[in-house]
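In what follows, every heavy atom counts, from backbone to side chain, and hydrogens, waters and symmetry copies are set aside.
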Amino acid sequence: MPRSEEAEWWANAVYEAIQEIPRGKVTSYGHIARLLGEPQRPRQVGVCLKVLPPAESGAHFNNDTVPWQRVINSKGMISHRTRANIPALVADVESSGPGSAQRQADVLQSEGVEVTTDSMGEMYVSLAQYGWFPSHLPSEQDEDESENSEV
DNA sequence: TAAATGACTGACT
DNA sequence: AAGTCAGCCATTT
């Protein structure tokens with residue numbers, strides 16, 4: 001697990017930013033990247049979460065101290081932890097191990113966040129209702145979001 | 001050392 | 001409205 005100094009700084013910054021997300025709210029990978037002044041690196045935010053140490057590791061930042069479950073993609077969907085473009089393997093990863101998408105949905109619901117599942121089995125959270133975007137940028141225009149919604 | 005991947009996005013078709 | 005593409009860059013192969 002090679003961790004350069006720079007990567008270390010980035011990971012710590014990401015974890016700290018994620019700790020600011022209030023319980024019961026969610027935000028996107030891209031938003032965390034923007035908060036850190038690196039708007040073009042949402043993927044690296046995902047990488048940090050992937051390598052987040054288990055709670056029993058004793059690390060300062062771990063699965064218990066960082067609310068990893070509150071980070072989802074810009075479409076409001078809980079991202080898959082794919083291991084390849086092979087659908088057969090996706091199911092395996094999806095199975096409910098620690099940190100799996102299903103696990104994420106369970107934890108979120110325990111915090112009071114509603115998770116809905118569409119016809120294709122994808123799990124969504126309404127960003128309009130649960131989204132946390134403090135440094136909201138003016139470039140976006142909210143229109144309709146009737147698809148993932150509540151009610 | 002080089003090539004492929006991926007807890008992503010926004011623009012473009 | 002839904003699918004495709006091109007950037008992104010640390011990790012893995």
Rounded distance (Å) that lies between atom [atom2] of [N] and atom [atom1] of [X]:
{"X": "A:L127", "N": "B:dT9", "atom1": "CG", "atom2": "C1'", "result": "14 Å"}
{"X": "A:E122", "N": "C:dA2", "atom1": "CD", "atom2": "P", "result": "13 Å"}
{"X": "A:M123", "N": "B:dA7", "atom1": "CE", "atom2": "P", "result": "14 Å"}
{"X": "A:W10", "N": "B:dC8", "atom1": "CH2", "atom2": "C1'", "result": "11 Å"}
{"X": "A:I72", "N": "B:dG6", "atom1": "CD1", "atom2": "P", "result": "21 Å"}
{"X": "A:N12", "N": "C:dA10", "atom1": "CG", "atom2": "P", "result": "15 Å"}
{"X": "A:L49", "N": "B:dC8", "atom1": "CG", "atom2": "C1'", "result": "12 Å"}
{"X": "A:N73", "N": "B:dC8", "atom1": "CG", "atom2": "C1'", "result": "7 Å"}

**Asked** Among the clusters formed by ILVMFWY side chains lying less than 4.5 Å apart, do A:I18 and A:W132 turn up in the same one?
**Response**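 Yes, it is one cluster - the side chains of A:I18 and A:W132 are joined through contacts under 4.5 Å.
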**Prompt:** Taking only residues two or more places apart in sequence, or in another chain, which ones meet A:D64 in a side-chain hydrogen bond (donor to acceptor under 3.5 Å, both in side chains)?
**Reply:**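 Here no residue qualifies.
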**Request:** Name all residues meeting the side-chain hydrogen bond (donor to acceptor under 3.5 Å, both in side chains) criterion together with A:E122; count only those two or more places apart in sequence or in a different chain, and write none if there are none.
**Result:**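 Listed in chain order: A:H80.
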For [X], enumerate each residue passing the side chain to side chain contact (heavy atoms under 4.5 Å, CB included) test, keeping only those at least two apart in sequence or located in another chain.
{"X": "A:Q19", "answer": "A:E16, A:F61, A:T65, A:V66, A:P67"}
{"X": "A:A13", "answer": "A:W9, A:L36"}
{"X": "A:S28", "answer": "A:H31, A:F133"}
{"X": "A:P54", "answer": "A:E56, A:S57, A:N63"}

**Close approaches to DNA chain B from residues 56-67 of chain A, in residue order (heavy atom, under 4.0 Å)** =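 Correct list: empty, so none.
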**Asked** For A:A101 and A:S79, which heavy atoms make the closest approach, and how far apart are they?
**Response**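 Looking at all heavy atoms of both residues, the closest pair is CB-O, 3.9 Å.
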Check nucleotides 6-9 of chain C against the protein and report each pair of N or O atoms closer than 3.5 Å, with its distance, or say if there are none.
from  : atom 1 : to    : atom 2 : distance (Å)
C:dC9 : OP1    : A:R41 : NE     : 2.9
C:dC9 : OP1    : A:R41 : NH2    : 2.8
C:dC9 : O4'    : A:Q44 : OE1    : 3.3
C:dC9 : O2     : A:Q44 : OE1    : 3.3

**Prompt:** How would you list all residue pairs meeting side-chain hydrogen bond (donor to acceptor under 3.5 Å, both in side chains) that involve residues 42-55 of chain A, not counting sequence neighbours?
**Reply:**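 Counting only pairs at least two positions apart or across chains, no side-chain hydrogen bond (donor to acceptor under 3.5 Å, both in side chains) contact touches residues 42-55 of chain A.
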Check whether any side-chain N or O of [X] sits under 4.0 Å from OP1 or OP2 of [N], and answer yes or no.
{"X": "A:S28", "N": "B:dC8", "result": "no"}
{"X": "A:S74", "N": "B:dT9", "result": "yes"}
{"X": "A:R34", "N": "B:dG10", "result": "yes"}

**Each stem that DNA chain B is part of, given as range with range (3 or more consecutive Watson-Crick or G-U pairs, under 3.5 Å)** =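 Paired runs of 3+ in DNA chain B: B:2-6 with C:9-13, B:8-13 with C:2-7.
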**Item:** Set of residues satisfying salt bridge (Lys or Arg N to Asp or Glu O under 4.0 Å) with respect to A:E20, sequence neighbours excluded
**Value:**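 Checked A:E20 against salt bridge (Lys or Arg N to Asp or Glu O under 4.0 Å); zero matches.
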**Prompt:** Hey, is the main chain of A:Q69 close enough, under 3.5 Å, to the side chain of A:Q104 for a donor-acceptor pair?
**Reply:**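 Checked: pair present.
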